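First up is the structure itself, then whatever we jot down about it.
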Protein chains: 2
Amino acid sequence: MKAAFRDVKEVIRTRIVDGDWGPGELIPNEIDLAAEFQCARATVNRAVRELAEEGLVERKRKAGTRVRMSPVRRAQFEIPVVREEIEASGRMYRYALVRRDLCDTPDWLRARMGLGDRGQVLHLVCVHYADNNPYQYEDRWINLAALPNAADVDFSETSPNEWLVETVPFSDAEISFSATASDEVLASHLGCAVGNPLFLAERSTWWRGEPITYVRMVFQRGHRMTTRF
Amino acid sequence: MKAAFRDVKEVIRTRIVDGDWGPGELIPNEIDLAAEFQCARATVNRAVRELAEEGLVERKRKAGTRVRMSPVRRAQFEIPVVREEIEASGRMYRYALVRRDLCDTPDWLRARMGLGDRGQVLHLVCVHYADNNPYQYEDRWINLAALPNAADVDFSETSPNEWLVETVPFSDAEISFSATASDEVLASHLGCAVGNPLFLAERSTWWRGEPITYVRMVFQRGHRMTTRF
DNA sequence: GAAAATCATTTGCCTAGACATATTACCCGC
DNA sequence: GCGGGTAATATGTCTAGGCAAATGATTTTC
C-alpha cells in the first residue's frame, strides 16, 4: 500500500483511455472519488490535478472535472548540449571554431533581443562534428554589455555553448524551430547542396531580463527531432 | 494571501537564479524552510517538489535537496488541433478534402507502423486554410483493420484529425519534426515554389499497442514552432 | 580491514478537517 | 422572458500530525 495517489491516477486514466468516461464527459467529484477509493480527498486531488497537468482532463471550480475533448498533447523535448547529444548516440564529438568577430550590434539583433542602446557583440561561428561528419552549424551572438568577460575567453577549444552553460546557468529562453534553405556558406560547411532544406533551431536567452545571447543552429540535412508521448 | 506555496516556490527560485544557492549546493531541508516561511511542511514540500519537476533542483531522501549543476532544459510544445490553432490566432479556418483512396497498405507504411499482416488503409489528403490562405497540407493514412468504420465516414466536411480525436481520444504517439523541400504537389497546394524549404511534422499513433494512423503535415513556407521556457 | 547490521535524517505520502474562491444554478422582481 | 442578486457546490489550498521508505553515516562483528 504505497503511493495511493498513483493508483487512483492510473485507475482514472484507464477509465478515460478505455472510454468509460468519454470526451467532454464529467467525472465524479473529489468527495465521491475519495469515497470510492477509500482515501482522503487530498489524495484524489493530487491524482486528478496531475492528470489535469498532463492535459487529460480539465478542471473548473464548481463546474467539476471533465475529460478533455481534444487532449492537449504536450510534447516534451529535452534540449541537450550538442556534445552530449552526439556522445549519447555513441559517436565521436569534435568542435571547430570557424570565425570570431567583435562588432557593433546589428540592428536586426537589437530588435530581436530587445537591446536598447547600441553596444558591442561577440560574433562566433562554429561547426560541431559527429564522427567527423558535420552535424550542426552554429552562428552565435553574445551581448558583451551583459557578459564583458566573454571577449577574453578562448573559444577555439571550449564551445560557446558549454562556456555559457557554466557561466550563466539559469536563464529564460525562447526557442523556435523552422525550415530553411542551404546557402553557399551552409552548403560548404555542412557538405550539402545549395538549396537543400535544412532544419533550423533559433534560441534567444535572457538573464534577469537582460539579453545574453542569440544563436542560430542549422542541422545537417535529414535531421529529425523526435519524441514520444 | 493566496497560494503560499507559490510564493515559497518563487522565493526559492529567485535565490537559485540569483546565485544565493549555487549549482550543486544543498538547500535547507523542508522543516527549516517551513520554519522560515512560517508555514506547514506540506506547503514547502509542494513548492520544492514542483521545482524538482521543472528540473531546477534534485531531491534525494536523506541526502536532501540540491541545486542542479546543469538544469535539465525541457521545451514543451502544445500540439493542438489545426483548427484550434488557427482560430486561436483570430483567423478563419477552412478545410478541404483533396483526395480519398482505399488501398492496400504500402510496404513503407507497414514497416513504419509495425503492421504485421497486410490489410487495407484509407488514404486521405487534405488542406487546412487560414483566412483562405493554405496553412497546412495533411497526408494521412488510417489503418482500417483497427478502425473499420473510418471507411464509411464522410471526410468532406469533417477533417480526419477531428474525427479521430473524437473516436480514439487518448492514444500513444510519436511525433517528429524535420525540414523537407516542396515538390510540385506541395507547391501547387500551398502556393509556394518548387524546392522551397518547408517545415514537416510527422505523427504516428497507436491505441493500446495497435497502429491507428500515420500523418505527414507539411506547413506553409516560413512556419515556425516557438516556445519559451 | 572489510562486511554487515543499526541508526538517523530527509523526503514522500497520507489523513481529517478547515477555509477560500470561482462559478454555476436558481430564484425573484420586473 | 430577462437581468440581477444569492445560494450552492466543486475545486484550490493550508495545517498539524503521523508513518513509510530510502539512504548516508556509524557502529558492530568477523
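Since we're looking at a predicted model, the values are computed, not measured. Numbers restart at 1 for each chain; the letters A, B, ... are given by sequence-line order, proteins then strands.
- Side-chain atoms of B:Arg41 and base atoms of D:dG18 include a donor and an acceptor less than 3.5 Å apart.
- Residue-to-nucleotide contacts include no donor-acceptor pair under 3.5 Å from the side chain of A:Arg6 to the base of C:dG12.
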Contact pattern, 5' to 3', of nucleotides 23-28 of chain D - B, S or - by protein heavy atom under 4.0 Å: BB----
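- Applying the salt bridge (charged side-chain N to carboxylate O under 4.0 Å, His left out) test to every pair with at least one member in residues 17-29 of chain B, sequence neighbours left out, gives these pairs: A:Arg208-B:Asp18.
- Annotation: the terminal axes of the helix from C:dG1-D:dC30 to C:dC30-D:dG1 meet at 20°, where each axis is the rotation carrying the C1' atoms of four end pairs onto the next four (5 pairs per end, rounded to 10°).
- For the pair A:Leu26 CG and D:dT11 P, the computed distance is 8 Å after rounding to whole Å.
- Atom CZ of B:Arg59 and atom C1' of C:dT9 are 13 Å apart (whole Å).
- Toward the 5′ end of DNA chain D lies the nearest nucleotide of A:Gly64, the other residue of the pair A:Gly64 and B:Gln38 mapping further downstream.
- In this structure, A:Phe37 atom CZ and C:dC13 atom C1' are separated by 17 Å, rounded to whole Å.
- The salt bridge (charged side-chain N to carboxylate O under 4.0 Å, His left out) pairs that include a residue from residues 151-164 of chain B are B:Arg83-B:Glu162, where partners are two or more places apart or lie in different chains.
- Comparing A:Thr43 and B:Ile31 against DNA chain C, the residue whose closest nucleotide sits nearer the 5' end is B:Ile31.
- The side-chain contact (heavy atoms from CB on, under 4.5 Å) search around B:Glu174 returns A:Thr226, A:Arg228, B:Trp206, not counting sequence neighbours.
- With respect to the salt-bridge test (charged N to carboxylate O, under 4.0 angstrom), the residues A:Glu54 and A:Lys9 qualify.
- Between B:Glu10 and B:Arg15, none of the side-chain N atoms (NZ, or NE/NH1/NH2) sits under 4.0 Å from a carboxylate O, so this pair counts as no salt bridge.
- A salt bridge does not link A:Glu87 with A:Arg91: none of the charged nitrogens is closer than 4.0 Å to a carboxylate oxygen.
- Here the side chain of B:Ala40 is nearest to one of D:dG12, C:dA16, D:dT15, namely D:dT15.
- Judged as a side-chain contact (heavy atoms from CB on, under 4.5 Å), and not counting sequence neighbours, the contacts of B:Glu58 are B:Arg68.
- For A:Arg59 and A:Glu30, the salt-bridge test passes: some basic side-chain N is under 4.0 Å from an acidic carboxylate O.
- Ranking D:dT13, D:dT11, C:dC13 by closeness to the A:Asn29 side chain, first place goes to D:dT11.
- Using a 4.0 Å cut-off between a side-chain N of Lys or Arg and a carboxylate O of Asp or Glu, B:Arg112 and B:Glu202 qualify as a salt bridge.
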